[in-house]
Each structure stands twice: as structure tokens, then as C-alpha cells.
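Okay, so here's the structure we're looking at.
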Amino acid sequence: KFTKNGDSWDYEYTGDFQKTRGKPEQAFRLVKAMYGLKQGGAVWEEELRNFLLSLGAIQSTVDPCLWRYSESGGKMILFVVYVDDLIMACSCQHFRDAFVKQLSDKFTLRDNGLLTWVFGATIAQDLRAGTVKLHQQRYTTQLVEQFLETKPHPSRRVVSCTEEISNLTPLAEGEMIHPQYACLIGKLGWLATISRPDIALAYSLLAKFAAAGGERHFKCAIGVVEYL
């Protein structure tokens, strides 16, 4: 039983007296319960949010995952929170290091330095040129190797979406669902969302049949893989 008490939570074990073995009046308490309990995520989000607000950070009203932390003199950090991962963009390295130090005084953390990989995408930064490039070459290569039976060769296909994809219809009576279709569509969707908007139209048309795609749907999806 969980009871809110100010900024903390009180825990009371009421006992599982249906047990016939062991000690029903005793239980283990998880000191860190971010994962595994349905209320763990909400408790962690509230604790992190309250701490960031106490530092003077400002949470976006449009996207609650986006935060801004700044001081006079133009020093600013923009960062996003994804569960217990933080990705930062800063105007001053020393200012960023001082902010991380405040976080480490409160929480146990690991500073991975310059961002190079996130959500299956490679991040390439050139600080001198002031550029940030994002690509999914490794993810795409793995996708091609997984779904093309033979060693892939350069494709002559110049567009990702064809008339054949546009004219797809639902499964007819007697057609079987392809066991790999839903998996392939999910992987194409991940590419279209992050780094390959050129396949977005083809993906949106193919995704209409994600729950029930047959051999002809799968063949069209493989055409997109050949394009990649």
C-alpha cells in the first residue's frame, strides 16, 4: 500500500495471508523501483521534475520532455528527458559540466560525453563546422541483410513508392497472412520516422495492412527494402 506523505511516499505491507508457506507477514521492499512497478515511472518522473524545478530549470508547456536551464550571460542548456536518459545541447561546456555535477550530487549517473548513438541512429557532430548529422546506416544494413535472401546489389529502383503499392487491397478470402510482414513494416516505420522521410509515403500505405498483410503485401514491402 502506497501513501503520499509530502514529497515522499510511505509504504505499508498489508500481508499476503493467502500464502500457505513462508512468512506471509513479511516481504522484500525494493529500494529502487523505477522498473517493474506500475507506479514506479510516475514516482520517478515526479522526483526528477521537482528536483529540476528546484534548480531553476523550465519545463516546456508544449512538450513536457523538453527542458531549458539558463543563467545570465547567455549560458543555456536545452535537454530532453527520456525516462532516465538525458540528452543535452549546451552553449558552454563548463556550464554543462556544472549542471551535470548538480545532477550527480542528487542521483547516481554516468556521463557518456558527446552524443554518438540514440534510438538506433548514429549522431555525427562537427563542433568546428557547427554541424550535426544523423543517419541509420547500420540499422539499414542490418534490415537489408535480414530480409533480402541474396547478397544485396545496387538497386535500379529510383522511387520508394510505386503504383503497385498504391493499389494494394486487403487480403481476399483464402489468402494467408505473411508471418514476417508486421515485423518488416515496424522496421520500415522506424526508418521513416527518424532518418528516411523518402520512404514515408510507401510506409504509410503498407502500414494500413500491418495486422493482415499477405504475400503480395510482403513483396511490395521487400521492394522498399531493395530501394534502401
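The shown structure was predicted, so the numbers you read here are calculated from the model rather than taken from an experiment. For the single chain, residues carry numbers from 1 onward in sequence order.
Using a 4.5 Å heavy-atom threshold, the side chains of Gln125 and Leu114 count as touching. Looking at heavy atoms from C-beta onward, Thr116 lies out of side-chain contact with Ile123 at the 4.5 angstrom threshold.
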Checklist entry - Does the pair Gln136 and Ile194 meet the rule for a side-chain contact (heavy atoms from CB on, under 4.5 Å), with working shown? => result CA-CA 8 Å; Gln136 291 178 286; Ile194 294 182; 3.5 Å; yes
Checklist entry - Given Leu143 and Leu184, is the side-chain contact (heavy atoms from CB on, under 4.5 Å) satisfied, shown in steps? => result CA-CA 8 Å; Leu143 173 64; Leu184 175 54; 3.8 Å; yes
Item to check | Phe99 and Leu55: CA distance, side-chain angles, deciding distance, side-chain contact (heavy atoms from CB on, under 4.5 Å) verdict | outcome: CA-CA 9 Å; Phe99 178 66; Leu55 296 180; 3.9 Å; yes
Next on the checklist: side-chain contact (heavy atoms from CB on, under 4.5 Å), that's the test. Do Leu188 and Leu228 meet it? Break it down for me.
Outcome noted: CA-CA 10 Å; Leu188 292 177; Leu228 292 171; 3.9 Å; yes
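Residue Arg49 holds its CZ atom at 11.5 Å from OG of Ser54, rounded to the nearest 0.5 Å. Taking CG of Leu191 as the start and OG1 of Thr140 as the end, the distance is 4.5 Å to the nearest 0.5 Å. Leu86 CG to Asn112 CG: the interatomic distance, rounded to the nearest 0.5 Å, is 11.5 Å. Between Glu164 atom CD and Asn167 atom CG the span is 8.5 Å, to the nearest 0.5 Å. To the nearest 0.5 Å, atom OG1 of residue Thr61 and atom CG of residue Leu66 are 10.0 Å apart. How far NZ of Lys219 is from CD of Glu215: 8.5 Å, rounded to the nearest 0.5 Å.
In this structure, Met88 is not a member of the same hydrophobic cluster as Met76, with clusters built from ILVMFWY side-chain heavy atoms closer than 4.5 Å. Under the 4.5 Å side-chain heavy-atom criterion for Ile, Leu, Val, Met, Phe, Trp and Tyr, Leu103 and Ile58 are members of distinct hydrophobic clusters.
Applying the side-chain contact (heavy atoms from CB on, under 4.5 Å) criterion to Arg216, with sequence neighbours excluded, gives Leu168, Thr169, Glu175. Scanning for side-chain contact (heavy atoms from CB on, under 4.5 Å) contacts around Ala42 gives an empty result, with sequence neighbours left out. In terms of the side-chain contact (heavy atoms from CB on, under 4.5 Å) criterion, residue partners of Ile87 (sequence neighbours excluded) are, by chain and number, Val80, Leu115, Val118. Residues passing the ring-ring contact (aromatic ring centres under 6.0 Å, His included) test with Phe119, sequence neighbours excluded: Tyr82. Residues forming a side-chain hydrogen bond (donor to acceptor under 3.5 Å, both in side chains) with Ser204 (at least two apart in sequence, or on another chain): none. Under the side-chain contact (heavy atoms from CB on, under 4.5 Å) criterion, Ser166 pairs with Cys161, Leu205, sequence neighbours left out. Every residue two or more places apart in sequence or in another chain that forms a side-chain hydrogen bond (donor to acceptor under 3.5 Å, both in side chains) with Gln93 is listed here: Asp97.
Taking the six-membered ring where the residue is Trp, the centroids of Tyr69 and Phe79 are separated by 6.0 Å or more.
Minimum interatomic distance between Ile77 and Cys90 (heavy atoms only, all atoms of both residues): CG1-CB, 4.0 Å. For the residue pair Pro170 and Phe209, the shortest heavy atom distance occurs at N-CE2, 3.6 Å. The minimum heavy-atom distance between Gln146 and Cys183, with the atom names listed, is NE2-SG, 4.4 Å. Summarising the geometry of Ser160 relative to Ile165, their closest heavy-atom pair is O-CD1, 3.7 Å, with the distance given to 0.1 Å. The minimum heavy-atom distance between Ile185 and Ala207, with the atom names listed, is CG2-CA, 3.9 Å. Counting all heavy atoms, side chain and backbone alike, Phe147 lies closest to Ile222 at O-CD1, 3.6 Å.
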Under 3.5 Å, which donor-acceptor pairs link side chains of residues 126-133 to any protein atom two or more places apart or in another chain?
unit_1 : atom_1 : unit_2 : atom_2 : d
Asp126 : OD1    : Arg128 : N      : 3.2
Asp126 : OD1    : Ala129 : N      : 3.1

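Applying the salt bridge (Lys or Arg N to Asp or Glu O under 4.0 Å) test to residues at least two apart or on different chains, none of the pairs has a partner in residues 61-77. Among pairs with a residue in residues 110-124, those fulfilling salt bridge (Lys or Arg N to Asp or Glu O under 4.0 Å) read Arg96-Asp111, at least two apart in sequence or across chains. Each side chain to side chain donor-acceptor pair (under 3.5 Å) pair with one or both residues in residues 180-193, not counting sequence neighbours, would appear here, but there are none. Applying the salt bridge (Lys or Arg N to Asp or Glu O under 4.0 Å) test to residues at least two apart or on different chains, the pairs with a partner in residues 189-199 are Arg196-Asp198.
Panel note: side chain Gln59, backbone Trp67; no donor-acceptor pair is recorded below 3.5 Å. Of the possible polar contacts, none joining the Ser104 side chain to the Leu109 backbone as a donor-acceptor pair under 3.5 Å is found.
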